[in-house]
Amino acid sequence: MCGMASAESTQASVHEREPVRPTKEDEVAAAGSELIGGPLGRRALLGSSWWTPVRVIALVAIGMFALGLVQKAPCYNGAWFFGASSQYTHACYSDIPHLYQGRGFADGLVPYFDRLPGDMQYLEYPVLTGVFMEVASWLTPGSGTIQYQEQWYWMVNAGMLMVCAAVIVVCVTRTHARRPWDGLLVALAPAAALTATINWDLLAVALTAAAMLMWSRGRSLAFGVLLGLATAAKLYPFLLLGPLMVLCWRAGRWREFGKALGGAIVAWAVVNGPVMLFAYEGWSKFYTFSQERGVDFGSFWLIMAQNSDDPLSTDTVNTLATLLMLVCCAAVAALALTTPRRPRFAQLAFLIVAAFILTNKVYSPQYVLWLVPLAALARPKWRDFLIWQACEVAYFLGIWLYLAYTTSGDAHKGLPTDGYHWAIGLHLLGTLYLCVMVVRDIFMPDRDPVRRSGDDDPSGGVLDRAEDVFVLGPAARPRRHVVDARFDGPPVEWGKPGTTGGSL
């Protein structure tokens with residue numbers, strides 16, 4: 001009997017370590033796999049050849065990135081340089097070539113230290129992004145026409161950003177060890193391919209994805225350092241510290257959170273400190289520009305402003321947007337502390353960044369890159385991911401057609417204002433839809449693809465299978481499990497503190 005029990009335990013342990021096959025649990029993934037020979041079989045030798053999941057996914061990501069470069073070809077061949085609206089009608093606009101000269105890189109000016117000619121007196125990007133832009137300018141030939149130099153500058157940046165894209169998919173693939181194929185969601189995301197070289201956001205996204213991987217491995221200090229660097233490249237990554245704090249509060253993991261917070265502060269200060277000290281006016285431009293910037297593209301604030309005879313002032317919008325964001329932060333904190341089962345870190349990270357995007361006064365099309373890796377970790381379900389991506393692709397086309405309309409004079413080629421408002425609405429609804437799906441998974445773990453496969457919080461690091469020490473409301477009186485009557489999958493057990501919290 002004892003030998004038999006031991007064998008069963010060993011068998012169960014081996015079964016728990018098996019990778020999850022998305023073609024077995026996701027009908028959309030199974031249907032899509034027919035293009036390459038059908039669903040993965042039970043006896044497939046995963047990882048037994050050079051073609052491991054992480055390598056396959058990285059190559060797919062590079063291929064999709066290359067397709068995104070091809071999509072920019074009409075602009076590279078002339079639309080960036082000739083004609084006011086052709087870069088919009090071809091939907092291939094990018095900030096990168098325009099800012100090579102517009103922000104002084106063509107003239108050898110040093111970001112933050114040298115004043116720029118024109119209305120923008122200093123570079124309006126965070127310091128680490130400024131360093132990235134400057135390094136790319138060093139690799140750009142200083143001879144030839146300005147068009148030739150801008151083409152080179154875009155290509156150099158594209159090469160550096162491709163490395164960032166590869167880092168992102170590798171990190172996402174490795175974060176959930178038993179679900180490597182979820183990285184294909186990131187690699188194949190159409191909106192990501194279309195927006196990858198509009199701006200420099202992939203740098204911050206790559207650092208954030210690397211930080212998430214470090215946290216999943218229990219390396220809280222490395223997580224903090226990488227998140228601090230990500231915040232030095234773009235503002236949004238610091239938002240992840242909020243959900244992490246309340247999750248660590250619930251699990252009593254204050255030591256690990258303290259190391260993460262300390263690492264983030266030190267890393268951010270090391271990058272920003274010298275520039276802040278010796279070129280404060282240039283360093284602060286990013287923050288003052290963000291504060292003074294009026295209502296802009298992609299936000300519901302723009303719809304309100306363009307349909308009002310007396311639009312709200314910038315100060316009023318700043319105040320209201322901040323209040324809305326604080327309400328969303330409170331809601332995320334309530335989810336973390338009151339739900340019967342502690343939410344996964346990736347779920348709350350996605351929700352807090354999505355809340356920032358939804359309430360902000362501007363939504364540039366490349367901001368979708370912030371959410372793609374988090375969405376793949378929070379809700380690895382192909383149907384919902386593709387619905388959201390379809391909405392984002394529609395918005396991508398909508399903003400360029402709207403700009404084509406506004407820059408084509410009396411010809412009015414493109415999408416009028418009312419049509420653009422519908423495109424904004426699609427973006428907002430698509431993001432809200434994915435948020436609703438994630439919140440439903442939090443309340444009904446039986447619906448969560450990650451927990452249905454037997455895991456608790458694989459991206460949670462020290463939070464994975466941790467015992468709760470501080471809970472509020474219903475969490476203090478946990479039910480054994482909640483099952484949606486319409487769902488025919490196996491129930492996910494609440495379990496006891498310190499157990500795996502799931503059934504296979």
Side-chain angles (χ1 to χ4, degrees), residues 126-128 131 164 167-168 170-177 203-276 329-330 332-333 335-337 339 341-353 356 370 373-374 377-378 450 455-472 475 497-498 500-501:
V127 172
L128 199 57
V131 171
C164 293
V167 169
I168 292 166
V170 169
C171 289
V172 172
T173 300
R174 291 185 178 278
T175 296
H176 287 179
L203 172 61
V205 178
L207 289 167
T208 304
M212 293 286 290
L213 174 61
M214 290 299 101
W215 182 263
S216 73
R217 301 292 175 87
R219 299 174 63 179
S220 53
L221 181 59
F223 164 83
V225 169
L226 287 166
L227 197 72
L229 294 176
T231 306
K234 205 76 179 180
L235 187 61
Y236 86 91
F238 92 95
L239 294 170
L240 272 61
L241 289 171
L244 186 63
M245 182 189 73
V246 289
L247 289 172
C248 288
W249 185 6
R250 177 164 175 166
R253 300 290 185 169
W254 286 112
R255 178 183 176 84
E256 287 79 5
F257 177 75
K259 290 167 66 176
L261 179 61
I265 292 172
V266 170
W268 183 90
V270 166
V271 173
N272 285 269
V275 182
M276 190 191 313
C329 290
V332 169
L335 280 175
L337 295 175
T339 49
R341 185 170 182 178
R342 187 172 58 246
R344 293 189 290 109
F345 177 36
Q347 291 174 321
L348 295 191
F350 172 83
L351 290 176
I352 201 69
V353 176
F356 181 71
W370 305 357
L374 297 176
L377 295 172
V450 175
D455 290 318
D456 177 39
D457 188 2
S459 61
V462 295
L463 301 171
D464 188 29
R465 300 182 176 89
E467 182 177 353
D468 287 335
V469 299
F470 179 83
V471 291
L472 297 172
T500 60

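Just so we're clear, the structure is a prediction, and the values are computed from it rather than from any experiment. All heavy atoms count here, side chains included; hydrogens, waters and symmetry mates do not.
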Atom of A251, atom of V469 and distance for their closest heavy-atom approach | C-CG2, 3.6 Å
Which pair of heavy atoms, one from D464 and one from P458, lies closest together, and at what distance?
-> OD1-N, 4.1 Å
Compile the donor-acceptor pairs under 3.5 Å between side chains in residues 232-242 and protein atoms, sequence neighbours left out, one pair per line.
none

With the side chain counted from C-beta on, respond yes when V271 and V131 share a heavy-atom pair under 4.5 Å apart, and no when they do not.
-> no
Is the backbone N or O of G460 less than 3.5 Å from a side-chain atom of R344, with the two atoms forming a donor-acceptor pair by type?
-> no
Taking the side chain as every heavy atom from C-beta outward, state whether W215 and L227 have any pair of such atoms under 4.5 Å apart.
-> no
Using side-chain contact (heavy atoms from CB on, under 4.5 Å) as the criterion, list what pairs up with S216, not counting sequence neighbours.
-> T175, L213
Backbone N/O of V127 and side chain of N272: donor-acceptor pair under 3.5 Å | no
Report yes if some heavy atom in the side chain of T208 is under 4.5 Å from a heavy atom in the side chain of W370; otherwise report no.
-> no
Just grab all the salt bridge (charged side-chain N to carboxylate O under 4.0 Å, His left out) pairs involving residues 205-223, residues at least two apart or on different chains.
-> none
Which residues share a ring pair (Phe, Tyr, Trp, His ring centres under 6.0 Å) with F350, sequence neighbours left out = none
Tightest non-hydrogen contact, residues L128 and L203, listed as O-CD2, 3.9 Å
Who pairs with W249 by side-chain hydrogen bond (donor to acceptor under 3.5 Å, both in side chains), at least two apart in sequence or on another chain?
-> none
Would you be so kind as to tabulate the donor-acceptor pairs closer than 3.5 Å made by side chains of residues 262-269, with sequence neighbours excluded?
none

Could you give the distance from SG (C248) to CZ (F470), rounded to the nearest 0.5 Å?
-> 14.0 Å
In Å and rounded to the nearest 0.5 Å, what is the CG to CD distance from L374 to Q347?
-> 12.0 Å
Atom CG in L463, atom CG in L244: separation rounded to 0.5 Å?
-> 6.5 Å
N/O donor-acceptor pair under 3.5 Å between R250 side chain and P343 backbone | no
Under the side-chain contact (heavy atoms from CB on, under 4.5 Å) rule, what do D457 and R342 come out as? Steps first, then yes or no, please.
-> CA-CA 9 Å; D457 188 2; R342 187 172 58 246; 5.6 Å; no
So, do M212 and L226 sit near enough that their side-chain heavy atoms are less than 4.5 Å apart?
-> no
Would you indicate whether the side-chain heavy atoms of H176 and V450 approach each other to under 4.5 Å?
-> yes
Not counting sequence neighbours, which residues clear side-chain contact (heavy atoms from CB on, under 4.5 Å) with A206? List them please.
-> C164, V167, I168
Pairwise side chain to side chain donor-acceptor pair (under 3.5 Å) hits with a residue in residues 239-248, at least two apart = none
Salt bridge (charged side-chain N to carboxylate O under 4.0 Å, His left out) contacts in which one or both residues fall within residues 235-244, not counting sequence neighbours | none
Not counting sequence neighbours, list each pair that qualifies as a salt bridge (charged side-chain N to carboxylate O under 4.0 Å, His left out) and has a residue in residues 252-266.
-> none
